[in-house]
There are 2 protein chains.
Amino acid sequence: MSSEFPPFAVTVDLVVLTLRDGHLHTLVVDRGVEPFIGVPALPGGFVHPEEGLTEAARRELAEETGLRLPEAHLEQLASYGDPGRDPRMRVVTVAYLALAPDLPLPVAGTDASDSRWLPTDTLLEGAPPLAFDHARILRDGVERARAKLEYSPLATAFCPPEFTIAELRRVYEAVWGTPVDPRNFHRKVTGVDGFLTPTGDTTTRDGGRPAQVFRRGPATLLHPPLTRPAAPRTPPSAAD
Amino acid sequence: MSSEFPPFAVTVDLVVLTLRDGHLHTLVVDRGVEPFIGVPALPGGFVHPEEGLTEAARRELAEETGLRLPEAHLEQLASYGDPGRDPRMRVVTVAYLALAPDLPLPVAGTDASDSRWLPTDTLLEGAPPLAFDHARILRDGVERARAKLEYSPLATAFCPPEFTIAELRRVYEAVWGTPVDPRNFHRKVTGVDGFLTPTGDTTTRDGGRPAQVFRRGPATLLHPPLTRPAAPRTPPSAAD
DNA sequence: TCAAAAGTGTTGTACGTACACCCATGC
DNA sequence: GCATGGGTGTACGTACAACACTTTTGA
C-alpha cells in the first residue's frame, strides 16, 4: 500500500433514548446548515483527528445534552457509509446508542439549544422525517435497545441510581411497547442473581404500600433472560 | 459545517470463518508491506471512493478467496478507529464477519496466494500473533458467530447446500466448542418451524443408518432458540 | 451378526403465564 | 374504612437435559 488513499470524512451520530412520562423519546437537533437545513436529525459531528470513536461520541453527547458519563449507557451500534448518503462528500458515520434517565434538557445557551426530545414511536413512523439516513439508524438503535433489555441489565440505564421495581417495569413496558404483569415481573427480576441490590430503604412515591428501593447490581448478563411477549421483532437492517 | 473536515482512511477487514476437519478455521494473509511486514493479518483493504462498505467487503472477499456470494454469509461486525491503531495514518476500519462452507483455497496465482486457513482457537490464544488490533476483531467476530448460532439459521452457512442433521450438529459443536447430544439436537432442529426443508433424499455418507438430507429453510429467526450449554460468554469488546 | 449412526419415547426439572390472595401505606 | 399499589402462593403448561430404546444400514 502506498501512502495514497481515498480520503473520507468520518462522523459519529447518536441515538439517544430516554423515558419521559412513560414514553420513549429520542433526542433530535434541528440542522442549522445545508443540506437538510431546518430538518431534525440525530445529534452528531465530525470525529477529531486525535480522538477515538467512543471518545468522539462521548464528546458530542456532552456538547449536545450537557450529559456526562457514566450517568448514561453508551455503546457502538453500527456504521453507515453508502456513497451518496451525504450529498456534500463521502461520509462514513459510526452510530452509537445512548440510554439516559430522564434529564433536564436542553440547556439553553449552549450548542444544544436547538435540541429537543421527540416521541420515538412517531419518529419511527416518519413524523417528522429525519435528515440523511437517520430514520434507519434510529430504527436499528431502538431494535437494539429492545433486544438488549431481555438479556442485559440495560433497563437500569433509564432509571435514576435508586429506583423501585415498578419504575423498572415501566421502563420495560415503554421500550417494548407491551404491558408486563407486575407480579410475575417482580418475582423474575428479584430472582435473577446480581441484577438488583436492595438499598434497605422504602418509598411510597408510587402510592400504595411502600416499595423497596434498589440499586443496579453487578450482573452484566441476565440469567434467565426476561422474555418479551412474542412480538414482531424487526430484523436489523444490516448496516452498510 | 464548512467543507473542511479531517481526512481519514477507511478500510474494511474480514473475519472469514469456515470448518475444516471438524475445527473452526480463520482466513489470514501474510502482509507484504510495512508495517507488520510478513505478519499474518485479517484480509481487507481500502474502501474505494465510489463503493459502499458492504460492497467493499464483498470485493475484498472475492479478491482474497475467489469466493462469491451468496455462497457465504456476510454481515457487518463493528468499527475500530483508535488513533494509533495504524502507525502510518488515521485509519477507521469497518469489520465484517463472513461464514463459508469448506472451500478449495487459496487459489494460486491470484492476490490470495499468501492466504491460508489457520485454526481459530490457537489464533485466539495468540499463536501466531496478528497484525494491528486484528486479534481483538477476531475475538469479537467469533463471539458474534457463537451467539448467532443460537437464534438464527446461520449454521447452515458453514454447510454445503444439502446436508444432514449430523453435519449441522458438527457445525454447532465446532463453533461452540462443546459436545451436543445428537438425539435432543435432532428433535430440536426438526421441530423449529422453517429451519430445515427435507429434500426427500437420504445418504449413508456418515455410515450407519441412512440420514435424511435437508436444505436450509425459509426461517430467519429460530424459535425456540438452540441454547448452548452454559459457557463463559465473552462480553463484546465495545469496539471503538 | 455386529458396529455405527439415525431417530423415538419417557421422565424429572426448570421456568413461564395466569390469577387469587394478603400486606402496608395515604386519605 | 377503602383505594392503591407492593408482594406471595398456587396451578397448570411448555420446553429442556438425560438417557433407555428401536431402526436401518455397511462390513
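Residue numbers start from 1 in every chain, and the chains themselves are labelled A, B, ... in the order their sequence lines are given, proteins ahead of strands.
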Does [N] have its OP1 or OP2 closer than 4.0 Å to a side-chain nitrogen or oxygen of [X]?
X: B:Thr202; N: D:dT24; result: no
X: B:Gln212; N: C:dA6; result: no
X: B:His186; N: C:dG7; result: yes

Rounded to whole Å, how long is the line connecting atom [atom1] of [X] with atom [atom2] of [N]?
X: B:Arg205; N: D:dT24; atom1: CZ; atom2: C1'; value: 17 Å
X: B:Arg170; N: C:dA4; atom1: CZ; atom2: C1'; value: 12 Å
X: B:Arg169; N: C:dA4; atom1: CZ; atom2: P; value: 15 Å
X: A:Lys188; N: D:dT8; atom1: NZ; atom2: P; value: 16 Å
X: A:Ile165; N: D:dG5; atom1: CD1; atom2: P; value: 16 Å
X: A:Phe185; N: C:dC15; atom1: CZ; atom2: P; value: 17 Å
X: B:Leu168; N: C:dA5; atom1: CG; atom2: P; value: 17 Å
X: B:Glu150; N: D:dC16; atom1: CD; atom2: C1'; value: 14 Å

From C-beta outward on [X], which listed nucleotide comes closest to its side chain: [options]?
X: B:Asn184; options: D:dA17, C:dG16, C:dA20; value: D:dA17
X: B:Ala211; options: D:dA18, C:dA6, C:dT17; value: C:dA6
X: B:Asp181; options: D:dC19, C:dG7, C:dA24; value: D:dC19

Select base, sugar-phosphate, or nothing to describe what B:Asp206 touches, counting heavy atoms under 4.0 Å on all strands.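 Here B:Asp206 touches the backbone only, sparing every base.
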
Close side-chain approach of A:Arg136 to A:Leu138, heavy-atom, < 4.5 Å: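 Not in contact.
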
Could you report the tightest heavy-atom contact between B:Ile165 and B:Phe185, atom names first, then the distance?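 In terms of heavy atoms, the two residues are closest at O-CE2, 3.6 Å.
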
Over all heavy atoms of both residues, which pair between A:Ile137 and A:Ala95 is shortest? Give the atoms and the distance, please.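 Heavy-atom minimum between the residues: CG2-CB, 3.7 Å.
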
So, under a plain 3.5 Å distance rule, would you say the side chain of B:Arg187 forms a donor-acceptor pair with the base of C:dG9?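 Such a pair exists between side chain and base.
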
For A:Arg183 and for A:Arg209, locate the closest nucleotide of DNA chain D by heavy-atom distance; then report the residue assigned to the nucleotide nearer the 5' terminus.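 The residue mapped nearer the 5' terminus is A:Arg209.
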
Closest nucleotide of DNA chain D for B:Gly208 versus for A:Ala166: which of these residues is on the 5' side?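 That would be A:Ala166.
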
The single option from A:Thr26, A:Leu74, A:Leu77 passing side chain to side chain contact (heavy atoms under 4.5 Å, CB included) against A:Leu14: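 For A:Leu14, the side chain to side chain contact (heavy atoms under 4.5 Å, CB included) check succeeds only for A:Leu74.
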
Are there more than 12 heavy atoms of other residues, nucleotides or ligands under 6.0 Å from atom CG of B:Asp21?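 Correct, the count exceeds 12.
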
